[in-house]
Amino acid sequence: MMFAAAALALLATLALALVRAVKGPTVFDRAQAANTIGTVAALLLAVIGFLTGRPDFLDLAITYGLLNLIGTVAVLKYFRYGDLGDPGDAEGETGR
Amino acid sequence: MLRTASSVLTLYLFWLALSGIYTPFLLAAGLGCSIAVVWLARRMAVVDHEGHPIHLGPAAARYWPWLAREIAKSAWDVTKVVLSPRLPIQPTLVRFAPTQKTEVGLATHANSITLTPGTISIEVSRREFLVHALTAAGAEGVTSGDMDGRVTRFEARG
Amino acid sequence: MIAAAEALTAVLLVAGGFFCIVGGIGLVRMPDFYTRMHAASVTETLGAGLLLLAMMVHAGLSLVTAKLVILGLLIFFTSPAATHALAKAGMTRGIEPLIGPRERAPSKR
């Protein structure tokens with residue numbers, strides 16, 4: 001069953017990304033690793049859905065993908081500006 | 001009006017794809033939610049040529065396959081670099097002026113650059129893009145203007 | 001026909017898994033923040049794309065494939081935005097990119 005092989009490959013990728021998250025050295029390296037872990041986790045959920053014959057897992061994968069983007073952007077805004085942005089300032093003009 | 005109808009249709013199809021249970025109540029609830037969300041989005045004035053660019057559909061059908069091929073090619077190049085024992089990288093920063101006129105065009109160009117492994121757009125403005133490339137060949141690929149020309153044609157066709 | 005689809009699924013799964021691992025290896029091996037991002041984008045584009053394609057071939061025309069398409073669009077539209085935000089945040093915070101060819105061998109991992 002090749003889905004098991006793909007799941008193993010994704011787990012290996014997770015482990016490698018975790019190594020980078022632990023080693024750092026900067027917070028942005030860790031954020032990049034976290035982003036990769038999020039993407040891989042979404043894929044892993046989808047693959048596990050096929051592996052166990054439960055396609056419901058795909059809904060979880062989609063949710064995880066959405067949360068991953070929001071999480072990354074929120075964390076980055078925090079590290080770039082020191083807060084999560086004040087409501088009502090003119091920052092929206094320049095975008096991220 | 002066409003854009004509004006298309007937004008409702010897109011959201012409703014999204015609902016149908018995620019739901020999977022088609023009882024009359026859920027079908028009606030989905031339609032109601034789709035219409036309510038588009039009504040709110042119209043109040044926020046985000047259902048426009050940027051928020052829901054349906055006019056780019058035909059152009060995207062020609063641009064995306066090309067982009068997919070580029071992604072595959074450069075992903076393979078980066079793979080060879082990563083797996084090579086010497087790690088033959090040559091990180092480069094390049095600045096160049098994009099030729100797109102619209103915000104959608106600029107965003108498409110910047111995202112295409114970032115989506116292609118080996119190049120990342122760091123700073124994006126109307127006048128200038130700052131791009132980080134993993135290899136000198138990747139930097140040349142960005143400044144050669146091939147992708148730039150294609151995105152400009154993509155935006156003009158819409 | 002079914003056998004051909006199965007074989008194609010297997011090939012795509014193995015290829016997708018391979019590119020995911022390559023991205024992970026690059027994430028560990030590359031010398032600085034910006035070059036690591038290039039490696040990670042291999043996982044997010046080709047790795048994710050091939051794995052999703054494999055699952056689509058396996059599922060055939062069904063609701064599952066529709067969901068896979070949604071997941072694929074989600075990843076392909078959001079990953080460059082996240083990557084760009086990351087690169088710009090790094091630049092704003094003054095992380096200097098390594099420039100030019102590397103002379104010495106990479107220090108142990």
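Note on naming: letters A, B, ... go to the chains in the order of the sequence lines (proteins, then strands), and numbering restarts at 1 for each one.
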**Request:** Pull out the residues in residues 55-62 of chain C that come under 4.5 Å of chain A, heavy atom to heavy atom, sorted by number.
**Result:** C/M55, C/H58, C/A59
**Sub-4.5 Å side-chain heavy-atom contact between A/L60 and A/D56** = no
**Asked** Between atom OG1 of A/T36 and atom CG of A/L18, what is the distance when rounded to the nearest 0.5 Å?
**Response** 11.5 Å
**Asked** Which atom names give the shortest non-hydrogen contact between A/L44 and A/A7, and what distance separates them?
**Response** CD1-O, 3.8 Å
**Item:** Side chain, backbone, both or neither of A/V47 within contact of chain C (heavy atoms, under 4.5 Å)
**Value:** both
**Asked** Would you say the side-chain atoms of A/R20 pair up with the backbone N or O of C/V28, donor to acceptor, closer than 3.5 Å?
**Response** yes
**Complete:** Bottom line for C/L74: the part with an atom under 4.5 Å from chain A's heavy atoms is side chain
**Complete:** Closest heavy-atom pair, A/A9 versus C/I21, reported as atoms and distance to 0.1 Å, is O-CG1, 3.6 Å
**Request:** Under 4.5 Å, heavy atom to heavy atom: which of residues 34-42 of chain C reach chain A? Give them by number, or say none.
**Result:** C/R36, C/M37, C/A40
**Message:** For the CG atom of A/L66 and the OG1 atom of C/T78, what is their distance to the nearest 0.5 Å?
**Reply:** 8.0 Å
**Prompt:** So which of C/G17, C/A48, C/G47 has the biggest tally of heavy-atom pairs under 4.5 Å with chain A?
**Reply:** C/A48
**Prompt:** Which answer fits C/L86, side chain, backbone, both or neither, if we ask what part of it has an atom under 4.5 Å from a heavy atom of chain A?
**Reply:** both
**Message:** Which one wins on heavy-atom pair count under 4.5 Å against chain A: C/L52, C/L68, C/T9?
**Reply:** C/L68
**Request:** Identify which part of C/L51 has an atom lying under 4.5 Å from any heavy atom of chain A, answering side chain, backbone, both or neither.
**Result:** side chain
**Prompt:** If every non-hydrogen atom of A/T13 is compared with every non-hydrogen atom of C/C20, which pair is closest and at what distance?
**Reply:** CG2-O, 3.2 Å
**Message:** Taking side chain as everything from C-beta outward and backbone as N, CA, C, O, which of these in A/L14 sits under 4.5 Å from a heavy atom of chain C? Side chain, backbone, both or neither.
**Reply:** neither
**Item:** A/L43 side, atom CG; C/L71 side, atom CG - distance, nearest 0.5 Å
**Value:** 6.5 Å
**Message:** How long is the straight-line distance from CG of A/L45 back to CZ of A/F50, given to the nearest 0.5 Å?
**Reply:** 12.5 Å
**Message:** If I measure from the heavy atoms of chain C, does A/A61 come under 4.5 Å with its side chain, its backbone, both, or neither?
**Reply:** both
**Request:** Return the minimal non-hydrogen interatomic distance between A/F57 and A/I48, and the atom names on each side.
**Result:** CE2-CG2, 3.8 Å
**Message:** So for C/M91, is it side chain, backbone, both, or neither that comes closer than 4.5 Å to the heavy atoms of chain A?
**Reply:** neither
**Request:** Look at C/V64, C/T43, C/L63, C/I75 and state which one has the largest set of heavy-atom pairs under 4.5 Å with chain A.
**Result:** C/V64
**chain C contact via A/Y64 - which portion, at a heavy-atom distance below 4.5 Å** = neither
**Message:** Report which part of A/L10 has an atom under 4.5 Å of a heavy atom belonging to chain C: side chain, backbone, both, or neither.
**Reply:** side chain
**Item:** Atom pair OG1/CG of A/T63 and A/N68 - distance to nearest 0.5 Å
**Value:** 12.0 Å
**Prompt:** By a 4.5 Å heavy-atom criterion (distance strictly below it), what part of A/T26 contacts chain C: side chain, backbone, both, or neither?
**Reply:** side chain
**Message:** Determine whether A/V40 and C/E44 satisfy the following criterion, side chain to side chain contact (heavy atoms under 4.5 Å, CB included), listing intermediate values before the conclusion.
**Reply:** CA-CA 8 Å; A/V40 172; C/E44 277 167 16; over 6 Å; no
**Asked** Out of curiosity, A/F3 CZ to A/T52 OG1, how far, rounded to the nearest 0.5 Å?
**Response** 10.5 Å
**Asked** Between C/K67 and A/D59, is the closest basic N to carboxylate O distance under 4.0 Å?
**Response** yes
